[in-house]
Every structure is written in C-alpha cells, then in structure tokens.
Q: 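Sharing a structure below in structure tokens format, with a few things to ask.
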2 protein chains.
Amino acid sequence: MIGIVVADDEAMLRGALVSLLNLEPDLTVVAEVGDGDAAVKAVASHRPDIAVLDLEMPPADGLVAAERILAAGGPPVILVTRHARPGILRRALSVGVSAFVPKTTPAERLAGIIRDVHDGRRYVDPEIAASALTENDCPLTARELEILRAARTGRPISEIASAVHLAPGTVRNYLSTIMAKLGVSTRHAAAHAAWEQGWI
Amino acid sequence: MIGIVVADDEAMLRGALVSLLNLEPDLTVVAEVGDGDAAVKAVASHRPDIAVLDLEMPPADGLVAAERILAAGGPPVILVTRHARPGILRRALSVGVSAFVPKTTPAERLAGIIRDVHDGRRYVDPEIAASALTENDCPLTARELEILRAARTGRPISEIASAVHLAPGTVRNYLSTIMAKLGVSTRHAAAHAAWEQGWI
DNA sequence: CTGGCCTCATGACATCCGTCATCTCGATCG
DNA sequence: CGATCGAGATGACGGATGTCATGAGGCCAG
C-alpha cells in the first residue's frame, strides 16, 4: 500500500484526485492540504511514501515546499503544474523532485506515475522536457531577475528603485540590459516575456 | 438521468470530474472536450441537459462559449473558474449562465449544484457574490477595455495603435483617460490593475 | 596577480509617453 | 433643425524612459 499526501489549493481538483486515487487498491491518500506550508507539516507528521504537490499554491508555492520536504529527507515528490513552463522544470529538477506533470495529463495516468516513482523511477512530461532542452536557458542574472520582478506590476522606475534599494539610474541600466537580452523594447514587455518563460 | 457536457482544458481536472460525476447514479457525462469551440459543437451534437464549462480555456474562453450556447437556445450553463474575480461574475450573469463555481469548491458539491441547476435553480458562490456586490463596477468603456487588452503585453504605443487600427495619439488619449479612471500613472499599471479586477 | 564578470553609480542625449487643449465628423436627441 | 455627445485625431509641452559611455569596487578563475 502506497501512502500519499496531496497538496493543491484548488479543492475541486484536489478532492477529485483524492477520490480517484483512493479507488486504486494499492494507493491510499493519508492527508490532503491546501497550501505549501501545510504540505510540509503533513509530510512530517503522516510520513507518506509519496508527496503530490501543486506548483502554484499561494502563498507558499510547491517548489519551496518540495525543497523543504526533500531537504528534510522526506519522500519522493511529484510536482503537478498548470502552466508547464520550461524554466520551472529546470528549477524543479535541480531541487530534486522525482516527477514533473502538467495538469494537461489525464488524471488516470497519475496513478501509474505514482507507482513508477514509488519504484524509484522518475517521470518528466515529454513535451516539457523537449522544450526545456531546445529552449535557451535564462540569460538573466539573479539580480536582474529580482529587479524585473519588482517591475512586474507596471510601477514607474522611481518606485522600482526604492523597492530594490537602488538608484533610479542603476535600475534603468539593469532594465536596459535585460531588455537587450530578451530582445524587447520596453521593460514591461520584458517582464511579460520572462513570465511566459517561467523565469519570474 | 441528467446528461452533461464537460469542457476544461486541464485534462487532469476534466478526467477526474468526469469519473466522479459518472459515479453518481443519476448523472452521465455524454461528452468531454478541451476548449470553447469544441464545447459549442459538443453541445449542439449531443444535446446534454447541462453544460459545465471552464472559464479559462485558451484560445476560446468559456464565457464566449457560454454566450454562443445560450444564444442558440442550448442547455443551462455552469461556469467553473480558477480565478474567481468579481468582474467576471457580472459578465457571466449578464450572459445568462445558471451557476458560477470557483475551483476552490469541493468536487463533491458539484454534483449537487448540477442537480440544482437541472431543477431550474441557480447557484452563485457566496463569497464571490459578496465581493461582487461590494466591489465597484468597472468604470471603463468597451473601447477602453479593448485598447487596454491590446496594451497588456507591454508593447510600445505604436504597436498597440496598429493592433487596434487607431492613430498613436488617439491611443495615448484613451490610455490617459483609462489611467485617470484607475488612479495609476502608467498604462502598464493600468493593465495590471484591470487584470486583477477581472475586467480584462 | 590580472583579466573578466557582476554590481552599482553618474551624466548626457534622444525618444517615448502622459497630459491637455482643440478640432472634425457622424449620430442622436430634443 | 440646432444642440449635444462620443469616437477619433492633431499638436505642443514637460517629464519619464531607454541608450550609451564611463568608472569604481568586489569577487573569482586562470
């Protein structure tokens, strides 16, 4: 019997998944939670064989939860995500998750993936893997990403500057290099592009 | 027996929902599809008693599909959504959908909502309804919304202008009034704010 | 240790953008 | 029929923004 913790903020999907998985004779869901912090606690207290985490779970996202679970010597982690962006896959694999599954995968296949992971295998959605291999890596430095993140909401440069504790001129220089690297002509387009690639 | 068409681009949720609904003795899913256009066609050919549509379905979203289904004298529509923004609820109700359900609703309750709708009742998530009543209405005109939508990706004004077939100066005037109405100082902040309110 | 890369900064310059006043042209309404 | 209003456009002005040159300091690899 494989014990599972399921974490997803969408109660509809979470509940449906739990019901489906419990129908399998060799699977049992030992806990279901709605955010990343609760997932970490549930894994610590229930000691499941597998943790299934949604990636997008405000406030604490699944990647952070996976990192903490794995750092604590927890069970293998399966990450489920809605927006399967290549950059996220890289980050997930570097953290050490065992499987990366977009929500476009049929629900029926999840049970099989869980068994595979339980047997020590890994699973990565083929389509995302392909695009992750062909897509170029994120060309931005950590600081540049931080500044681009601060620019996300469309605020004027002066506000971005005070948010990241920099001189406005410095911020403009950073954004200028970022835009050059991304091949766009406004910082807002840069933020949009980086978001679509999963870099911020 | 209540026949149902389920439309959702997330195969995982869609499949799980279909399995759960089919477990109910009085419900049967007659078709499941992955986008809005297919939903309209499936309803036309299968003539179900209820259509369950996801709101976010690229390329054709659920609201447009609901509109076309209801305009064609189709069955009652239940809209399911991930981001339950108040502005969307207004638009959905004005189109004539029978129920508005966020994905934070437990999957088990969906069957009950389907029966309610089949009996001629309507259902609106209480939390969204409350915020829709307290939140202020969208102050933007249809044309302004269209232009703001074109500005979403951060493109320069010249590109926005050619996208909506207007003179650049006119676009700037529109964006200026939009920003004034929304109380922000850049068009990008305006797009961001409008998005968070569910207006675009 | 030296060159290279990253971070942070300043100043100058050319656009771009937001604001405002004003205009035309249909459509609508009294 | 004249008045009015909305959509669309123009031009001017000042401030915001993108670009570039330049430089200082820190850190790491060769």
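Just so we're on the same page: letters track the sequence lines, and every chain starts at 1.
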Q: Let me spell it out: for each of A:Arg172 and B:Gly169, pick the nucleotide of DNA chain D with the closest heavy atom. Which residue's pick is nearer the 5' end?
A: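 The residue mapped nearer the 5' terminus is B:Gly169.
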Q: How close or far is atom P of C:dG18 from atom CG of B:Leu182, stated in whole angstroms?
A: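 These atoms are roughly 14 Å apart.
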Q: Would you mind listing every salt bridge (Lys or Arg N to Asp or Glu O under 4.0 Å) that reaches into residues 166-181 of chain A, with sequence neighbours excluded?
A: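 Listed once each, the pairs are A:Glu144-A:Lys181.
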Q: Can you check the A:Arg143 CZ to C:dC8 P distance for me, whole Å?
A: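 From A:Arg143 CZ to C:dC8 P: 4 Å.
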Q: Under a 4.5 Å side-chain heavy-atom rule over Ile, Leu, Val, Met, Phe, Trp and Tyr, are A:Leu21 and A:Val30 clustered together?
A: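 Different clusters.
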Q: Nearest to the side chain of A:Tyr174, which nucleotide is it out of D:dT10, D:dG8, C:dC8?
A: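 Shortest atom-to-atom distance from the side chain points to C:dC8.
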Q: Of the residues in residues 153-160 of chain B, which ones touch DNA chain D at a heavy-atom distance under 4.0 Å?
A: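 Per residue number, the list is empty: none.
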Q: Whether B:Arg187 contacts C:dG18 is assessed here as follows: a side-chain N or O lying under 4.0 Å from the phosphate OP1 or OP2. Is that the case?
A: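 For C:dG18, OP1 or OP2 has a side-chain N or O of B:Arg187 closer than 4.0 Å.
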Q: CD1 of A:Ile178 versus P of D:dG18: gap in Å, rounded?
A: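 After rounding, the reported distance stands at 11 Å.
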Q: Check the phosphate of D:dG8 against B:Thr170, side-chain N and O only, distance under 4.0 Å to OP1 or OP2. Yes or no?
A: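 Answer is no, no contact under 4.0 Å.
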Q: Going only through I, L, V, M, F, W and Y residues with side-chain contacts under 4.5 Å, is there a path from A:Met57 to A:Val64?
A: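 No, separate clusters.
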Q: Measure the distance from NE2 on A:His165 to C1' on C:dT7 and round it to the nearest whole Å.
A: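 Checked: the NE2 to C1' distance equals 16 Å.
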Q: Can you run down the ring pair (Phe, Tyr, Trp, His ring centres under 6.0 Å) pairs that involve residues 141-193 of chain A, sequence neighbours left out, and say none if there aren't any?
A: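 Every ring pair (Phe, Tyr, Trp, His ring centres under 6.0 Å) pair that includes a residue of residues 141-193 of chain A, provided the two are not neighbours, is A:His188-B:His188.
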Q: Counting only side-chain N and O atoms of A:Ser176, is one of them less than 4.0 Å from OP1 or OP2 of D:dT19?
A: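 Answer is yes, contact under 4.0 Å.
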Q: Would you mind telling me which of C:dA9, C:dC20, D:dG18 lies closest to the side-chain atoms of A:Thr186?
A: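 In terms of side-chain proximity for A:Thr186, the closest of C:dA9, C:dC20, D:dG18 is D:dG18.
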Q: Is it the case that D:dC20 (base atoms only) and A:Asn173 (side chain only) share a donor and an acceptor within less than 3.5 Å, ignoring hydrogens and angles?
A: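 Between D:dC20 and A:Asn173, which were checked side chain against base, a qualifying N/O pair under 3.5 Å is present.
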Q: Starting at atom NE2 of A:His188, determine the distance to atom P of C:dC16, rounded to an integer number of angstrom.
A: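 So the NE2-P distance, A:His188 to C:dC16, works out to 15 Å.
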